[in-house]
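For ligands, and for the atoms within them, numbers begin at 1 and follow the listed sequence. This chain uses plain numbering: 1 for the first residue, then up along the sequence.
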Amino acid sequence: MKIAVGISGSSGAIYAKLLLERLVKIEALELALVISDNALININLEIPDFNPQSWGIKEYKSFDFNAPFASGSANWDGLVVCPCSAGFMAKVAHGNASDLMSRAAQVMLKERKKLILVLREMPFSLIHIENMRLITLAGGIICPAIPSFYSGSSNLEEILATVPNRVMDLLGLNNQSFRWGDI
Ligand SMILES: Cc1cc2nc3c(=O)[nH]c(=O)nc-3n(C[C@H](O)[C@H](O)[C@H](O)COP(=O)(O)O)c2cc1C
């Protein structure tokens, strides 16, 4: 499988870290990374010691349309934007493909591949809700950064990890996590 991960400019850099930690463990997964300039601001603010490049994932610049997943012909399997800003979601909803991450999102939709947006915003305006509706109708998955609490864990990282764990499930990738009913 070939999966691109985008980090956009919302709060919640920890979700990107937890997701990438899980993805790099999957052998036979080809990964690529795009980080927006605004995402870098949030990463530095929220988890300054997080260096997404440390895993050696191939990283592409924001306007590198030569990246393979910028074209449907490369046959990539999906794009996860984690965390996803409301501004980035708006671009996707309205067909804006002016940079690599937004172009890749349009590619996934047109090719009927997986597009997962881990939206981090609150509260929602009608515009956000309409954009979520449009993307859902187009085949994308809005997987908001809303952790669950029913595992009973009081460990913050474990609670936050319920979000990337769900992304792994949506991608169909093996991942050990709390499963309701397994106790
Ligand atoms: C510290 C900080 C936190 C932010 N948090 C959010 C957020 O949680 N959700 C969101 O939609 N935008 C948030 N923003 C605003 C986005 O960064 C802004 O809309 C930006 O244009 C999005 O850029 P992108 O296209 O790289 O995602 C935040 C900005 C800053 C500086």
Side-chain angles (χ1 to χ4, degrees), residues 3-21 23 31-53 55 57-67 69-70 76 78-110 113-149 156-157 159-167 170:
I3 299 291
V5 175
I7 307 179
S8 77
S10 78
S11 180
I14 182 69
Y15 291 113
K17 179 172 183 268
L18 295 172
L19 177 64
L20 288 169
E21 270 172 14
L23 288 171
L31 279 176
L33 188 61
V34 198
I35 305 174
S36 79
D37 290 349
N38 294 310
L40 287 174
I41 295 173
N42 277 291
I43 290 170
N44 287 334
L45 188 72
E46 296 178 355
I47 34 174
D49 58 344
F50 171 45
N51 174 14
Q53 289 87 355
W55 285 291
I57 304 169
K58 179 132 180 67
E59 191 182 341
Y60 292 87
K61 298 251 180 283
S62 291
F63 291 94
D64 183 359
F65 293 104
N66 291 314
F69 48 90
W76 277 55
L79 168 71
V80 183
V81 180
C82 176
C84 175
S85 70
F88 182 76
M89 176 176 70
K91 279 174 143 178
V92 176
H94 297 279
N96 181 324
S98 59
D99 57 27
L100 175 57
M101 217 188 294
S102 54
R103 165 65 185 164
Q106 296 305 319
V107 167
M108 297 309 156
L109 292 177
K110 82 184 175 76
K113 298 294 175 76
K114 237 162 214 169
L115 172 67
I116 300 173
L117 303 185
V118 181
L119 178 66
R120 211 312 320 170
E121 183 55 292
M122 64 100 63
F124 296 138
S125 71
L126 178 61
I127 292 168
H128 298 140
I129 292 166
E130 285 296 321
N131 286 343
M132 285 191 255
R133 178 179 164 274
L134 266 176
I135 291 168
T136 304
L137 285 173
I141 300 176
I142 306 294
C143 178
I146 302 177
S148 69
F149 300 87
L156 180 61
E157 191 163 303
I159 291 170
L160 295 176
T162 59
V163 171
N165 284 344
R166 197 52 87 82
V167 172
L170 289 167

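- Compare G87, A145, S85 by their heavy atoms: the one nearest to atom 22 (C) of ligand 1 is in S85.
- For atom 28 (C) of ligand 1, the protein comes within 4.0 Å by at least one heavy atom.
- With sequence neighbours excluded, the residues satisfying side chain to side chain donor-acceptor pair (under 3.5 Å) with K17 are E21.
- Numbered from 1 in the order shown, with element, the atoms of ligand 1 that lie under 4.0 Å from a heavy atom of A86 read 10 (C), 11 (O).
- Without hydrogens or angle criteria, R103 side chain to A70 main chain gives a donor-acceptor distance under 3.5 Å.
- Taking SG of C82 as the reference point, atom CD1 of I7 lies at 7.5 Å (rounded to 0.5 Å).
- For atom 9 (N) of ligand 1, the nearest non-hydrogen atom from the set R120, M122, E121 belongs to R120.
- For the residues A39, G9, S102, the heavy atom positioned nearest atom 16 (C) of ligand 1 is part of G9.
- Expressed to the nearest 0.5 Å, how far CD1 of I14 lies from CD of E46 amounts to 9.0 Å.
- Among the atoms of N42, none of the N or O lies under 3.5 angstrom from an N or O of ligand 1.
- A donor-acceptor pair under 3.5 Å is absent between the side-chain atoms of S85 and the main chain of S8, judged by distance alone.
- For ligand 1, the atoms sitting less than 4.0 Å from at least one non-hydrogen atom of S8 are 27 (O), numbered in the order shown with element in parentheses.
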Which is it for S36 and N38 under the side-chain hydrogen bond (donor to acceptor under 3.5 Å, both in side chains) test, yes or no, and what are the steps along the way? CA-CA 5 Å; S36 79; N38 294 310; 4.9 Å; no

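- For ligand 1, none of its N or O atoms has an N or O atom of K91 under 3.5 Å away.
- Remark: L19 CG to N165 CG distance equals 9.5 Å, nearest 0.5 Å.
- Among all protein heavy atoms, the one lying closest to atom 21 (O) of ligand 1 is N38 ND2, 3.6 Å.
- Taking every non-hydrogen atom of L45 and a distance limit under 4.0 Å, the qualifying atoms of ligand 1 come out as 1 (C).
- Ranking the protein heavy atoms by distance from atom 5 (N) of ligand 1 puts S11 N, 3.1 Å first.
- Closest protein heavy atom to atom 26 (O) of ligand 1: S36 OG, 2.6 Å.
- Tested against M108 for a side-chain contact (heavy atoms from CB on, under 4.5 Å), the candidates I116, V80, L79 yield a single pass: L79.
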